[in-house]
Undergrad: 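Got a structure for you, questions after.
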Number of protein chains: 2
Amino acid sequence: MSLRHAVLGLLADRTASGYDLMRLFQTSLANVWPATQSQLYTELNRLSDAGLVTVTAEGPRGRKEYGITGDGRAELRHWLLEVEPERNRRSDALLRVFFLDQVSPGQGRAYLERERRLAGERHRALRELADALAGEPDPLAVNGLLALEWGLRFTRMQEEWAEWAAERLAAAPAAAPPPAD
Amino acid sequence: MSLRHAVLGLLADRTASGYDLMRLFQTSLANVWPATQSQLYTELNRLSDAGLVTVTAEGPRGRKEYGITGDGRAELRHWLLEVEPERNRRSDALLRVFFLDQVSPGQGRAYLERERRLAGERHRALRELADALAGEPDPLAVNGLLALEWGLRFTRMQEEWAEWAAERLAAAPAAAPPPAD
DNA sequence: GTTCGACCTGTCAACAGTGGAAAGTAGGAT
DNA sequence: ATCCTACTTTCCACTGTTGACAGGTCGAAC
């Protein structure tokens, strides 16, 4: 459960209402840890009960401004530095690859070609985002750029892999040789 | 929900009991789509109700052997070729990167160094697995090797990225320049 | 002969995440 | 005055996943 830490991280350098957080999730964290409005409000209440955040101000229309507490910062640091990151194991796309011999070799190659295309599109979208962000010195962007570079490398890798896999499939429809390094 | 399709995929070229499937998940699919025993039995019953699999034999100790039906194969092909693969969006590790400026630059670099090390270890483990599999011509291995190559590239990419990110962090603790291609 | 381990099937409670509905306030446009 | 839109919070039903529990058969070893 890292939604908790995502919220703490965002509150660490600004106070915000649930609505503010929702917009931050939609923009800066959309590609890293998406969260819906209902999750956020539930989590804010839980965090508040646990004493990790606190209401710093109450606005006009019921708006509640939340801020991180000392305990909250401690928890955030603890998670950042001491909790082992969990591996991302499930992959819808990779699962399909496992069963690719259930369709004809031609369909398999077509599937991989689509994968390559989709990865390429995502790569170009991220590149545009990176170029757009390169101009404005947004405080959020500092480490966001590290994540962005990760995305650029990842999508590039997916493209190359899909191309490689399609060739491999074409070369040896019956038995694949061991992967190259 | 792709557990359904993982089960269909495995049953597509062999009949198997729930227990057999459990072992297949533990071995060949462990890194792609983990599933627990309880999920499997529940899913088999659901699939059976939906007419996508059927009991082909009943063994001595209550063992039930399941086989895929025509509808099941149709569903599998449909999922493989026509359903858009969903992106894997949540990443525990990347989320941490976003909040890396909550700790000192030195701690941040130490974190990235650990990431690099963990990725390297996983890379070496996958390489050993690939070498071990290179010998035996397992029917499962055919497309499993494609997935394995994906893992090799992915872990290598993570290593390189963590190194790059650490350098980037060291070079510009206040404001990061735009990412290179 | 019993005990042990491998085989085999199932239920249950709990929780994270999703999507949608409900309901309310304030400010600006018509 | 009224309506629309943005803002704000909350609740509920549903799915997927997990881990624990609970049962059962069989072959082999002791």
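Below, chains carry the letters A, B, ... as their sequence lines are ordered, and counting in each starts from 1.
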Undergrad: Among B/L8, B/L47, B/V53, B/L52, whose side chain to side chain contact (heavy atoms under 4.5 Å, CB included) with B/D71 holds?
TA: B/L52
Undergrad: Looking at C/dG10, C/dC8, D/dT8, which one has an atom nearest to any side-chain atom of B/K64?
TA: C/dG10
Undergrad: Return the value, rounded to whole Å, for the distance between atom CG of B/L40 and atom P of C/dT9.
TA: 11 Å
Undergrad: A/Y19 has an atom OH; how far is it from atom P of C/dT25, in whole Å?
TA: 17 Å
Undergrad: Taking B/E121 first and then B/R124, would you say they form a salt bridge - that is, a charged N and a carboxylate O separated by under 4.0 Å?
TA: no
Undergrad: Ion pair present between B/R63 and B/E65, side-chain N to carboxylate O less than 4.0 angstrom?
TA: yes
Undergrad: Looking at A/Y41, I'd like to know whether one of its side-chain N or O atoms comes within less than 4.0 Å of OP1 or OP2 on D/dT9.
TA: yes
Undergrad: Expressed as a whole number of angstroms, how long is the span from A/R23:CZ to D/dA6:P?
TA: 12 Å
Undergrad: Between B/E149 and B/R153, is there a side-chain N and carboxylate O pair less than 4.0 Å apart?
TA: yes
Undergrad: Could you check how far CZ of B/F25 sits from P of D/dT18, rounded to whole Å?
TA: 11 Å
Undergrad: Using whole Å, report how far CZ of B/R4 lies from P of D/dT15.
TA: 12 Å
Undergrad: Rounding to an integer number of Å, can you tell me how far B/M22 CE sits from D/dG19 P?
TA: 14 Å
Undergrad: One character per nucleotide, please: for nucleotides 17-22 of chain C, 5' to 3', B when the base has a protein heavy atom closer than 4.0 Å, S when only the sugar-phosphate does, - otherwise.
TA: SBBBB-
Undergrad: Cationic tip of A/R96 within the cone over B/W79's six-membered ring, i.e. under 6.0 Å and within 45° of the normal?
TA: yes
Undergrad: Check the side chains of B/H123 and B/Q158 for a donor-acceptor pair under 3.5 angstrom, ignoring hydrogens and angles.
TA: no
Undergrad: Once you round it to whole Å, what is the distance between C1' of D/dG19 and CD of B/Q26?
TA: 14 Å
Undergrad: B/L47 has an atom CG; how far is it from atom P of D/dG16, in whole Å?
TA: 12 Å
